[in-house]
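One structure is given here, and the rest of the page talks about it.
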Protein chains: 2
Amino acid sequence: MGGVSAAVGRPSRRSDALSRERIIATAVAILDADGESALTFRSLAAALATGPGAIYWHVANKDELLAAATDAIVAGVTAAAPADASPHDQIRTVALGLFDAIDAHPWIGSHLAREPWQLASMRIVEAMGSRLTDLGAPAAQHFNVATALASYVCGAAAQNAANARSASPDVDRDTALATAARRWTELDEAEFPFVRRIAAQLPGHDDREQFLAGVDLILAGTARP
Amino acid sequence: MGGVSAAVGRPSRRSDALSRERIIATAVAILDADGESALTFRSLAAALATGPGAIYWHVANKDELLAAATDAIVAGVTAAAPADASPHDQIRTVALGLFDAIDAHPWIGSHLAREPWQLASMRIVEAMGSRLTDLGAPAAQHFNVATALASYVCGAAAQNAANARSASPDVDRDTALATAARRWTELDEAEFPFVRRIAAQLPGHDDREQFLAGVDLILAGTARP
DNA sequence: ACCTGAACACCGTTCAAGT
DNA sequence: ACCTGAACACCGTTCAAGT
């Protein structure tokens with residue numbers, strides 16, 4: 001403790017000093033407000049009232065920035081465990097929480113698909129896998145079931161988010177679904193008989209229920225006690 | 001037929017004339033040879049011996065170019081049906097074919113996640129769903145099972161491809177898995193008990209078997225005849 | 001130790017001008 | 001109808017120079 005003089009004479013640190021946390025929080029704010037294309041080292045620097053080069057002192061590059069932003073959101077969801085519910089319901093709750101979070105922050109979806117063993121993905125595998133013992137699944141299945149659930153959740157949620165994002169904001173959901181259903185029925189009958197048949201179920205279907213049905217399928221496939 | 005004079009006096013079309021097909025085929029070649037970052041309107045134009053602006057006459061933008069390139073590969077996989085196998089084996093074969101195709105062309109993975117209802121995704125849903133009747137799944141389940149399978153296949157394959165891509169080429173698979181396993185065991189015990197426990201199964205596991213296990217879980221979860 | 005901002009080496013896309 | 005290529009409006013990233 002002796003001899004440290006640099007910080008003594010200085011006024012207390014400005015509350016708006018740069019830091020990794022503040023950079024990531026600001027990045028999340030930009031991503032949420034204006035989408036993935038709005039996050040730029042220049043726009044981020046402007047929001048932080050500094051130059052683009054300053055950010056590189058705290059963050060290696062844009063990929064690391066996105067990974068950190070993704071982890072911040074995912075950690076918030078997986079940490080909120082229901083605890084008193086059945087293991088099946090716990091898994092459903094966490095999965096749905098991730099689905100909603102990716103729907104609310106669509107940029108997570110694009111990133112999760114390309115950072116497989118990063119911290120955020122590990123949190124998802126942990127959230128799924130740690131409930132499998134209570135569920136009664138045999139230990140030999142745990143690895144495959146947990147990673148299958150994680151893959152499904154990421155894949156389905158990313159596609160749902162991309163879908164919601166690509167919809168023009170001035171078209172309501174019902175007419176968008178009706179348009180999609182009509183396009184499905186216009187596909188070639190010889191090549192797409194199945195898609196044409198299920199097109200009728202597209203309007204009025206619930207995205208979250210459809211998502212949970214997939215989770216239930218995987219859980220139903222695991223051996224029961 | 002009368003009065004058309006423009007094409008008459010001309011020499012026969014050069015075989016290297018620009019066309020949508022040639023543009024997409026060349027784009028696939030660049031993507032496969034040097035990866036996603038190598039595909040540029042400038043590099044593509046150079047490979048086609050023209051200027052970047054010429055490409056825009058045949059393709060609306062880069063997204064459409066990637067969608068068309070993705071569809072070209074996916075169509076090749078879903079069209080190759082086994083026919084004489086059991087419906088379960090047919091689904092496994094198509095799923096594994098997609099897994100291998102995405103492993104061989106990793107750029108498909110990143111694109112599939114963000115073009116949900118595009119033609120390539122429809123082909124995957126069709127390939128899965130059209131076998132469900134023979135499998136004995138009740139019609140009420142078809143919609144959910146087919147889309148769940150498609151989401152899982154895309155999600156798992158995209159992550160696998162991203163994983164393979166991020167591995168440095170001078171490190172062999174065994175040591176890469178060993179390194180990943182060690183990193184898993186170094187995670188916080190309180191936060192990641194499950195991941196630490198399954199880390200031992202990481203070395204020596206087979207990516208394709210793990211992938212197929214997920215397909216089997218979903219199929220096992222569907223009601224049987 | 002940390003910040004600044006000009007500069008480098010690129011992008012996707014457009015568009016007047018050509019044939 | 002289709003092609004050309006310069007130009008526009010950007011990017012991520014680096015780095016000498018500052019404090």
Side-chain angles (χ1 to χ4, degrees), chain A residues 3-27 30-31 34-70 107 110-111 114-115 166, chain B residues 3-27 30-31 34-70 107 110-111 114-115 166:
Chain A
V4 179
S5 61
V8 171
R10 284 217 208 115
S12 63
R13 268 182 166 262
R14 294 173 304 154
S15 68
D16 63 338
L18 263 189
S19 69
R20 201 164 194 279
E21 294 77 46
R22 215 165 70 87
I23 289 172
I24 292 161
T26 309
I30 293 175
L31 287 163
D34 299 304
E36 211 165 346
S37 64
L39 182 66
T40 287
F41 273 78
R42 282 168 180 80
S43 69
L44 183 55
L48 292 163
T50 180
I55 298 166
Y56 281 90
W57 187 262
H58 302 273
V59 163
N61 50 41
K62 193 169 184 180
D63 252 21
E64 189 188 303
L65 182 64
L66 275 172
T70 299
W107 47 274
S110 350
H111 192 73
R114 64 179 68 193
E115 58 138 351
S166 71
Chain B
V4 180
S5 63
V8 171
R10 283 218 207 114
S12 63
R13 264 178 170 266
R14 293 174 304 152
S15 69
D16 63 337
L18 263 190
S19 69
R20 204 166 193 279
E21 294 77 46
R22 214 165 72 85
I23 289 172
I24 292 162
T26 308
I30 293 175
L31 286 163
D34 299 304
E36 211 164 347
S37 64
L39 182 66
T40 287
F41 273 78
R42 283 168 179 79
S43 70
L44 183 55
L48 292 163
T50 182
I55 298 166
Y56 282 90
W57 187 264
H58 302 273
V59 164
N61 51 41
K62 194 169 184 180
D63 251 21
E64 189 188 301
L65 182 63
L66 275 172
T70 299
W107 46 275
S110 351
H111 192 73
R114 64 178 69 192
E115 57 138 351
S166 71

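Residue numbers begin at 1 in each chain, while the letters A, B, ... track the order of the sequences.
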> Can you list every pair that meets salt bridge (charged side-chain N to carboxylate O under 4.0 Å, His left out) and has a residue in residues 38-54 of chain A, with sequence neighbours left out?
Replying inline: none
>> Considering only residues two or more places apart or on different chains, which pairs with a residue in residues 43-62 of chain B satisfy salt bridge (charged side-chain N to carboxylate O under 4.0 Å, His left out)?
In response: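 Listed by first then second residue: nothing to list.
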Pairs under 3.5 Å (N/O, protein and nucleotides 16-19 of chain D):
none

> Of all residues at least two apart in sequence or in a different chain, which pass the salt bridge (Lys or Arg N to Asp or Glu O under 4.0 Å) check with Glu21(B)?
Replying inline: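 So Glu21(B) forms no salt bridge (Lys or Arg N to Asp or Glu O under 4.0 Å) with any residue.
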> Which residues satisfy the salt bridge (Lys or Arg N to Asp or Glu O under 4.0 Å) test with Glu64(B), sequence neighbours excluded?
Replying inline: Arg20(B)
Calculate the interatomic distance between [X] atom [atom1] and [N] atom [atom2]; express it in whole Å.
X	N	atom1	atom2	answer
Ile55(A)	dG12(D)	CD1	P	10 Å
Arg22(B)	dC2(D)	CZ	C1'	14 Å
Leu66(A)	dG12(D)	CG	P	10 Å
Leu44(B)	dG5(D)	CG	P	15 Å
His58(A)	dC2(C)	NE2	C1'	7 Å
Arg20(B)	dA1(D)	CZ	C1'	17 Å

> Can you give the dot-bracket line for DNA chain D, where a pair is Watson-Crick or G-U wobble with both atom distances under 3.5 Å, crossing pairs use [ ], and | marks a partner on another strand?
Replying inline: ||.|||||...|||||.||
> Using the P atom in both, what is the distance from dA9(C) to dA9(D), to the nearest Å?
Replying inline: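 So the two P atoms sit 22 Å from each other.
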> Looking across every strand, which nucleic acid part, if any, lies under 4.0 Å from Leu65(A) by heavy atom: base, sugar-phosphate, or nothing?
Replying inline: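 Counting heavy atoms under 4.0 Å across all strands, no contact is made by Leu65(A).
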>> Quick check on dC2(D): is either OP1 or OP2 less than 4.0 Å from any side-chain nitrogen or oxygen of Trp57(B)?
In response: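 Looking at the OP1 and OP2 atoms of dC2(D), one of them is under 4.0 Å from a side-chain N or O of Trp57(B).
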>> Here's a test for you: under side chain to side chain contact (heavy atoms under 4.5 Å, CB included), which of Thr70(A), Leu39(A), Leu44(A) qualifies with Leu31(A)?
In response: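 By the side chain to side chain contact (heavy atoms under 4.5 Å, CB included) criterion, Leu31(A) pairs with just one of Thr70(A), Leu39(A), Leu44(A): Leu39(A).
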> Which is it for Ser110(B) and Glu36(B) under the side-chain hydrogen bond (donor to acceptor under 3.5 Å, both in side chains) test, yes or no, and what are the steps along the way?
Replying inline: CA-CA 9 Å; Ser110(B) 351; Glu36(B) 211 164 347; 3.2 Å; yes
> Who pairs with Ala46(A) by side chain to side chain contact (heavy atoms under 4.5 Å, CB included), at least two apart in sequence or on another chain?
Replying inline: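 Partners of Ala46(A) by the side chain to side chain contact (heavy atoms under 4.5 Å, CB included) criterion come out as none, since no residue qualifies.
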> Who pairs with Ala47(B) by side chain to side chain contact (heavy atoms under 4.5 Å, CB included), at least two apart in sequence or on another chain?
Replying inline: Thr26(B), Ile30(B)
>> Please give me the minimum heavy-atom distance between Ala45(B) and Pro52(B), naming the atom from each residue.
In response: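 Result for this residue pair: CB-N, 3.5 Å.
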> Roughly how far, to the nearest 0.5 Å, is CG of Leu48(A) from CD1 of Ile55(A)?
Replying inline: 6.0 Å
Expected rows: protein N/O vs nucleotides 13-15 of chain D N/O, under 3.5 Å:
{"residue": "dT13(D)", "atom": "OP2", "partner": "Tyr56(A)", "partner atom": "OH", "Å": "2.9"}
{"residue": "dT13(D)", "atom": "OP2", "partner": "Lys62(A)", "partner atom": "N", "Å": "3.0"}
{"residue": "dT13(D)", "atom": "O5'", "partner": "Tyr56(A)", "partner atom": "OH", "Å": "3.1"}

> ring pair (Phe, Tyr, Trp, His ring centres under 6.0 Å): which pairs involve residues 40-66 of chain B, sequence neighbours left out?
Replying inline: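 The answer is Phe41(B)-Tyr56(B).
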